[in-house]
Amino acid sequence: MNRPAVALASAAALFFVLPLAGLLGRVSWGTLGADLSSGAARDGLWLSLVCSVGATVLSVIGGLPLAWVLARMRFPGRSLLRGLALLPLVLPPVVGGVALLSAFARRGFVGARLYEWFGVQLTFTTAGAMLAETFVAMPFFVLAAEAGFRSIDTRYEDAAVSLGARPFTVVRRVTFPMVAPSLAAGAVLAWARALGEFGATITFAGNIAGRTQTLPLAVYLQLESHPDVAIALSLVLVVVSLGVIVAMRDRWAV
Amino acid sequence: MRFGYAIAALLLVGCGSAESRTSITVSAAASLTGAFTEIADEFAAAHPDVDVALNFGSSGQLAAQIGDGAPADVAAFADTAAMDTLAKAGLVDESDVFATNELTIVTKPGNPSGVTGLADLKGVVSLCVETAPCGKFAAQVLAAAGVTIPEGSVTRGADVKATLAAVAEGDAVAAIVYVTDARAAASRVDEVEIPAASNTVAEYPIAVVRNSTNAEAARAFRDAVVSEGGRKVLSAAGFGAP
């Protein structure tokens with residue numbers, strides 16, 4: 001029983017390892033430093049950092065109340081709401097980008113008013129890239145946070161209330177410490193997803209060097225003109241993502 | 001565990017089942033999307049035993065794929081330079097130029113920003129990446145007209161279709177694309193002509209890939225493209241004769 005399982009598992013592991021090994025084999029180590037400090041690479045790295053952190057913050061701000069409502073309140077249409085909140089997990093990101101365009105582009109029903117009233121245009125801006133990343137990343141946070149809220153035994157909170165704790169104290173001293181690991185895991189997952197976002201970003205925010213050209217876009221577009229830079233940037237994405245997943249697994253057992 | 005072996009066996013059998021049908025992959029420039037889809041339909045009707053898979057993208061991208069060993073049988077590009085690269089590497093047979101194309105400016109319907117020429121391209125302009133022929137030609141056209149657009153106001157599409165979509169679907173003020181793409185997009189965009197003095201003529205070469213496993217079918221497809229029927233489809237799409 002064990003031996004075939006191990007054999008099949010090894011085959012599956014190889015399937016993941018071989019492409020990565022291939023990538024490593026193509027890295028030109030001698031010029032790695034220069035490749036990563038080239039203009040497009042530096043812009044992409046910085047922009048990716050800004051956008052992914054921004055998207056994580058937005059995901060937490062929006063996702064926290066959403067996860068709490070989904071976990072703690074009973075109301076008709078809750079399943080539908082959860083489905084909608086998690087839809088970007090399964091939606092092709094390009095479709096997400098097109099959907100964002102139809103709402104937030106200059107001719108979109110929200111975007112038109114944003115522009116008319118406040119002169120705000122989201123497409124082709126760093127804020128737009130952040131918004132696109134938030135769209136695909138927030139479900140990861142909602143999923144983890146909702147599971148966290150559900151796993152809490154509410155009797156702890158009831159006990160705190162019965163002992164005279166005010167609501168804010170209950171949240172601060174009882175609820176938050178218990179969900180913190182789930183929230184942290186959700187935030188890290190959302191951040192990692194935002195970092196790798198491609199389709200929604202290029203569709204909605206475009207591909208402007210230094211403004212919306214994040215790492216994955218830079219990899220895609222440098223692959224023909226500067227393959228060494230593209231491979232170097234891919235290496236960064238692989239190392240960061242792997243680091244995140246391994247660290248998460250050890251700390252929060254996701 | 002017996003179940004696992006059964007699945008593995010099924011997979012192996014599935015892969016091994018031989019087919020008598022021939023299939024060819026045609027890697028073609030994105031600007032050929034409409035014309036080649038039509039030509040492939042006609043080809044399929046005339047050659048019921050051949051399956052044609054069309055792979056559209058930027059010529060630079062497709063040439064890089066073939067250079068990396070992607071299994072294409074026919075290559076049709078928007079630029080002779082991309083084909084020359086493959087020819088030098090000995091990856092394609094002799095190529096023929098089968099069509100020509102020119103560039104044009106497209107704006108949103110009704111031309112809301114009042115673009116009258118290259119010098120008016122202000123705001124976010126959509127151009128192809130410089131490795132795609134449409135990006136290279138756009139740079140030539142802008143240089144010929146003495147117009148410089150700061151890179152910070154340029155959004156780059158991976159191929160000509162993506163470049164046009166940034167105007168048709170997105171918020172780019174204008175894009176520089178091929179005349180044929182402007183025509184294919186019909187009412188989704190307005191066209192502003194680029195004067196012949198600063199315009200450029202793109203030549204489209206086609207060739208059979210040397211390591212094609214179905215060279216005969218590949219040659220038949222190439223012949224269909226350069227045939228009178230193929231020319232008719234191409235000129236209806238707005239391509240010029242070589």
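Naming convention: chains lettered A, B, ... in sequence-line order (proteins, then strands); numbering from 1 in each chain.
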Only pairs of heavy atoms separated by less than 4.5 Å count here; which of A:Gly206, A:Ser102, A:Ala105 has the most with chain B?
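Answer, by heavy-atom pair count under 4.5 Å with chain B: A:Ala105.
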Kindly indicate whether the side chain of [X], heavy atoms from C-beta on, has any atom under 4.5 Å from the side chain of [Y].
X: A:Gln121; Y: B:Asp171; value: yes
X: B:Gln61; Y: A:Tyr220; value: yes
X: B:Arg156; Y: A:Gln213; value: no

Can you establish whether the number of heavy atoms outside [X] located under 6.0 Å from its atom [atom1] is more than 12?
X: B:Glu193; atom1: CD; value: no
X: B:Phe56; atom1: CZ; value: yes
X: A:Arg26; atom1: CZ; value: no

Spacing of A:Asn207 atom CG and B:Thr155 atom OG1 [to the nearest 0.5 Å]:
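Spacing of CG (A:Asn207) from OG1 (B:Thr155) equals 5.0 Å.
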Side chain, backbone, both or neither: which part of [X] has an atom under 4.5 Å from a heavy atom of chain A?
X: B:Val154; result: backbone
X: B:Ala172; result: both
X: B:Ser126; result: neither

Using every non-hydrogen atom in the two residues, find where B:Ala168 and A:Arg107 come nearest and quote the distance to one decimal.
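That closest heavy-atom pairing would be O-NH2, 3.0 Å.
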Go through B:Ala166, B:Ala64, B:Gly60 and name the one with the most non-hydrogen pairs under 4.5 angstrom from chain A.
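Maximum pair count with chain A is reached by B:Gly60.
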Considering only heavy atoms and a distance below 4.5 Å, find which of B:Ala132, B:Gly67, B:Gly152 pairs most often with chain A.
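Looking at each of B:Ala132, B:Gly67, B:Gly152 in turn, B:Gly152 comes out on top.
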Heavy-atom distance under 4.5 Å to chain B: side chain of A:Arg211, backbone, both or neither?
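Contact with chain B involves the side chain of A:Arg211 alone.
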